[in-house]
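Structure record follows, encoded as structure tokens.
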Protein chains: 2
Amino acid sequence: MEENADTPSRRIADDLRSDIVSGHLSPGGKLPAVRDLAARYGVSRNTAAKAVALLKTDGLITTRYGSGSYVRESHPIRRLGPERYARSKWQVTTVTTYTDDRGDSAATQQQGGQTQDVSLVPADDRTAAVLGIEPGDLVYERARVMTRDGVPTHTMTSYYRQVDVEGTSLVDPRPGIAGRSGGYQILTEQGLPPHEITEDLAARMPTADEVILLDLPAGEPVVELHRVTRTAEGQVIEYARGIHAASRFIWSYTYDIPD
Amino acid sequence: MEENADTPSRRIADDLRSDIVSGHLSPGGKLPAVRDLAARYGVSRNTAAKAVALLKTDGLITTRYGSGSYVRESHPIRRLGPERYARSKWQVTTVTTYTDDRGDSAATQQQGGQTQDVSLVPADDRTAAVLGIEPGDLVYERARVMTRDGVPTHTMTSYYRQVDVEGTSLVDPRPGIAGRSGGYQILTEQGLPPHEITEDLAARMPTADEVILLDLPAGEPVVELHRVTRTAEGQVIEYARGIHAASRFIWSYTYDIPD
DNA sequence: TAGTGGTCTAGACCACTTC
DNA sequence: AAGTGGTCTAGACCACTAA
């Protein structure tokens, strides 16, 4: 059943792997140095390094330059269901504002585990098609990077038609209102209450940029999520794209069997 | 912005990568031999091989032992929405049967791009919890491997309570009835019409077994899908687990924003 | 300063494919 | 038989971390 290349580097990697999964090496624990592995197994340093590299691309360990190799800590997994968009979570009746302590002049702000950056950009083909405008037309882009416990977990970039959000606090963001899911609140105030969501999901390996942005360990895939939000009348009011570190999420959907 | 290690192997890999994305090397096309790359760049064979290995783990190329390295063909992507479970697709009124030409005696059969294997197995903890039975209780396991154009795309293994399907054609499978989505038809005949589905999705790197089973190229993630099917009364009638080659699918879900 | 991961060279052997 | 990918050795240098 097993079609394993029985090579020294694979054997060393397998030994280390079973040490990890069996718990002999606990998360955060340090692996033997590559030089030590080489000596213990009687192989060259290069071969031992290759074994460690295998575990790295498998996402089992992380290496810290000049420090050592460590068993990767498994991150808490968050389950994402439709309830994360529930009205009760973003619909506010009394607007509570609070001032920004640090008084940033830039549009980028740190607030509650996310950065936010709003700008006016020309729509690309996909965005234009979804929002029902022409490619190149200006749209408001609201780019966010969400973090949890100081670790970046995902990005989410929303696009709005200019006419839909012009003059709102989303365009000139102040803390307290344009936070998480604040977009839906603003669209509701604009007479465009969101009603229906379509989410498309695809998994792939990250680009080099995404590895840096999300601080992804080697061997961690990402899930690319495209979200289209419509009103009850079917008008598209938001198009959003997000990149999620795969290991930190589970998506969950419940629906009736169609006819 | 770019935090790229400027090493020879990276540089070679980058050159090849831009040849691929620019189209100078078309899908299915052959890359220069490692020895040639080494000579052209004036590096050791080892270094050139490392560059090729980088592209391989990125999923951009495939290597064929003893033959060469080739630009990976992009597979057609299938969009998966709830409509794939539509009643009209599996509910049959007139049962059409046809005979198995090859007359296999085994329970494993080839039919229309999928293998099927039915057996009675003890339920693991997760399956038991979902189906509402005790761990170790016997359940019917229906394991399938789906292929498309001769390429395996995903596995899907369903679990049924013994009492729910005993004596049906699912247990003693004959071709023509227990094909794709045949399980729902049988459950309906048993007085347990499926009504609601919950799907959980998670992306991760494949195990060694999955790489072999799905013939996955290096650097291709998988999506693990867990499906729970219930009747209108909320009774769980099927629990299924599937492994999908990520690059061949997009999942799509549409739902109303909850309150 | 000592230890560590990362990378490289030059040469070698093996396994597999293609002809 | 020739070409190719995969792996290995032995030794070297560099960049980074930690004390």
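So that the names make sense, note that chain A is the first sequence line, chain B the second, and so on, each numbered from 1.
In this structure, OH of A/Y41 is placed 17 Å from C1' of D/dC8, rounded to the nearest angstrom. When the P atom of C/dG5 is taken as reference, atom CD1 of A/I61 falls 9 Å away, rounded to whole Å. Rounded to whole Å, the distance from OH on B/Y65 to P on C/dT17 is 10 Å. A/L16 places its CG atom 11 Å from the P atom of C/dG5, with the value rounded to the nearest Å. Residue B/L37 contributes atom CG, which lies 13 Å from atom P of C/dT9 at whole-angstrom precision. A/R64 has its CZ atom 12 Å from the C1' atom of C/dT4, to the nearest Å. Following rounding to the nearest Å, B/N46 (CG) and C/dC14 (C1') show an atom-to-atom distance of 15 Å. If you take CG of B/L31 and P of D/dG6, they are 12 Å apart, rounded to a whole angstrom.
Listed pair B/T63 / D/dG6 meets the phosphate criterion, a side-chain N or O lying under 4.0 Å from OP1 or OP2. Contact annotation: A/T47 side-chain N/O to D/dT7 OP1/OP2 distance is not under 4.0 Å. The phosphate of D/dT17 (OP1 or OP2) has no side-chain N or O of A/S67 nearer than 4.0 angstrom.
The backbone N or O of B/I243 lies less than 3.5 Å from a partner atom in the side chain of B/T155, making a donor-acceptor pair. A/S67 places no side-chain N or O within donor-acceptor distance of the main-chain N or O of A/R64, the cut-off being under 3.5 Å. Not one N or O on the side chain of B/E220 forms a donor-acceptor pair closer than 3.5 Å with the backbone of B/G59. Under the 3.5 Å distance criterion, the side-chain polar atoms of B/S26 are left unmatched by any main-chain donor or acceptor of B/G29. Remark: the backbone N or O of B/H226 is not paired with any side-chain donor or acceptor of B/E199 at under 3.5 angstrom. With A/T127 contributing its side chain and A/A123 its backbone, the two residues share no donor-acceptor pair below 3.5 Å.
Evaluation of atom-type donor-acceptor distances gives a pair under 3.5 Å for the side chain of B/R45 against the base of D/dG6.
Taking the six-membered ring for Trp and the full ring otherwise, the centers of B/Y253 and B/W251 sit at least 6.0 Å from each other.
Seen from the ring of A/Y41, A/R11 does not count as a face-on cation partner, given the 6.0 Å and 45° thresholds.
You'll find that the side chain of A/R35 is closest to C/dG6, out of C/dC8, D/dT4, C/dG6.
Each of A/Y70 and A/V43 was matched to the nucleotide of DNA chain D holding its nearest heavy atom; the match closer to the 5' end belongs to A/V43.
Within residues 48-58 of chain B, the residues having any heavy atom closer than 4.0 Å to DNA chain C are, in order of number, B/K50.
Residues meeting the side chain to side chain donor-acceptor pair (under 3.5 Å) test with B/D19, sequence neighbours left out: none.
Within the helix from C/dT1-D/dA18 to C/dT18-D/dA1, the inter-axis angle between the opening and closing five-pair segments is 10°, rounded to 10°.
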